[in-house]
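Some notes on the structure that comes next.
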Amino acid sequence: MRTTEETEGFDGEASNTSMISGASSPYQPTTEPVLSRNVLGAMRCDMEYLVSYFGILKAVEVVLSLISFICIETIMMCSPCGGVYLFEFVSCSAFVVTGVLLLIFCLNLHIKVPQVNWNLTDLVNTATSTFLFFLSSLLLACINHDTGAEKAAVVFGFLVTGVFGLNTFLAVRRWRRGNGCQGAAQTSEYMRARTASRGEMEARPELA
């Protein structure tokens with residue numbers, strides 16, 4: 001028979017063995033919070049962006065581009081049709097691209113992809129849309145058959161050109177301001193590192 005001391009020693013060894021095996025087991029309980037994998041469920045609409053200048057301009061651009069596309073789609077016959085086809089392509093492309101950017105900014109999806117320069121992307125889109133809408137509206141105004149749909153498309157085309165132009169102006173200012181702040185931060189970091197380096201050099205004794 002085992003004595004009481006031997007029994008206690010055996011129990012202690014078994015407890016230590018179970019603790020070691022439990023520590024080496026890959027299936028250990030954890031107290032770390034489990035992050036939700038449902039990214040779409042965590043999305044929230046950014047109302048601050050919607051009521052800002054850029055949000056309002058984006059929404060107006062999407063609406064006017066859609067109206068322009070609807071107007072040009074109601075034209076049944078045309079000859080020549082080059083101006084109609086160009087205006088149709090520009091209005092549809094501007095509606096889709098600007099609408100996608102509006103959703104990205106409203107849902108803060110641009111924060112999840114910081115590798116993309118979203119300010120520059122928005123600037124390129126607005127500048128391109130301004131030029132293409134002005135060109136297609138001017139061409140449609142010169143080559144049309146004085147129908148109501150064509151006149152309406154021309155009017156909305158020039159309206160959305162003005163809105164895109166204003167958005168381009170504000171986007172350029174924001175882009176320059178962002179680059180200026182980034183450059184100032186880099187210059188400040190360089191001066192701080194240079195000052196620290198000079199301090200170390202002054203603190204070291206000169207070699208004979």
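Judged by distance alone, the side chain of Ser137 and the main-chain N or O of Phe134 form no donor-acceptor pair under 3.5 Å. For Thr74 (side chain) and Cys71 (main-chain N/O), a donor-acceptor pair under 3.5 Å exists by modelled atom type. Remark: the backbone N or O of Phe87 is not paired with any side-chain donor or acceptor of Ser136 at under 3.5 angstrom.
Annotation for Gly83 and Leu139: closest pair CA-CD2, 3.8 Å, computed over non-hydrogen atoms. Of all heavy-atom pairs between Ala171 and Phe54, the closest is N-CE2, 3.8 Å. When all heavy atoms of Ile75 and Met77 are compared, the pair lying nearest together is CG2-O, 3.4 Å. The shortest non-hydrogen separation linking Val124 to Thr128 is O-OG1, 2.7 Å. Here the closest non-hydrogen pair linking Ala153 and Leu140 is CB-CD2, 3.9 Å. Here the shortest heavy-atom pairing between Glu73 and Met76 reads O-CE, 3.9 Å.
Ring-centre distance between Phe105 and Tyr49: below the 6.0 Å cut-off.
There is no path of hydrophobic side-chain contacts, each under 4.5 Å, that joins Leu138 to Tyr85. Ile111 and Leu102 fall into different hydrophobic clusters, defined by Ile, Leu, Val, Met, Phe, Trp and Tyr side-chain heavy atoms under 4.5 Å apart, directly or through other members. No continuous path of hydrophobic side-chain contacts links Leu103 to Val62 [ILVMFWY only; heavy atoms under 4.5 Å].
Ring planes of Phe164 and Phe133: parallel class, angle under 30° (limits at 30 and 60°).
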Starting from the C-alpha separation in whole Å, work towards a yes-or-no answer on side chain to side chain contact (heavy atoms under 4.5 Å, CB included) for Trp118 and Ile104.
CA-CA 10 Å; Trp118 291 103; Ile104 289 175; 4.0 Å; yes
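Using a 4.5 Å heavy-atom cutoff, the side chains of Leu50 and Cys45 are in contact. Proximity of Phe89 to Ser93: side-chain heavy atoms (C-beta onward) are separated by under 4.5 Å at one or more points. Between Glu150 and Thr147 the shortest side-chain heavy-atom distance falls below 4.5 Å.
Atom-to-atom distance recorded for Phe156:CZ and Leu64:CG is 7.0 Å, nearest 0.5 angstrom. Here the straight-line distance linking atom CZ of Arg176 with atom CG of Leu123 works out to 9.5 Å at 0.5 Å rounding. The structure places CG of Asn167 at 4.0 Å from NZ of Lys58, a figure rounded to the nearest 0.5 Å. Rounding to the nearest 0.5 Å places CD of Glu61 at 10.5 Å from OG1 of Thr161.
Other residues, nucleotides and ligands place no more than 12 heavy atoms under 6.0 Å from the CZ atom of Phe131. Other residues, nucleotides and ligands contribute over 12 non-hydrogen atoms within 6.0 Å of the CZ atom of Phe158.
Screening Asn108, Val113, Leu107 against His110 for a side chain to side chain contact (heavy atoms under 4.5 Å, CB included) leaves a single residue, Asn108.
When only modelled atom types and interatomic distance are considered, Thr130 and Thr168 share a side-chain donor-acceptor pair under 3.5 Å.
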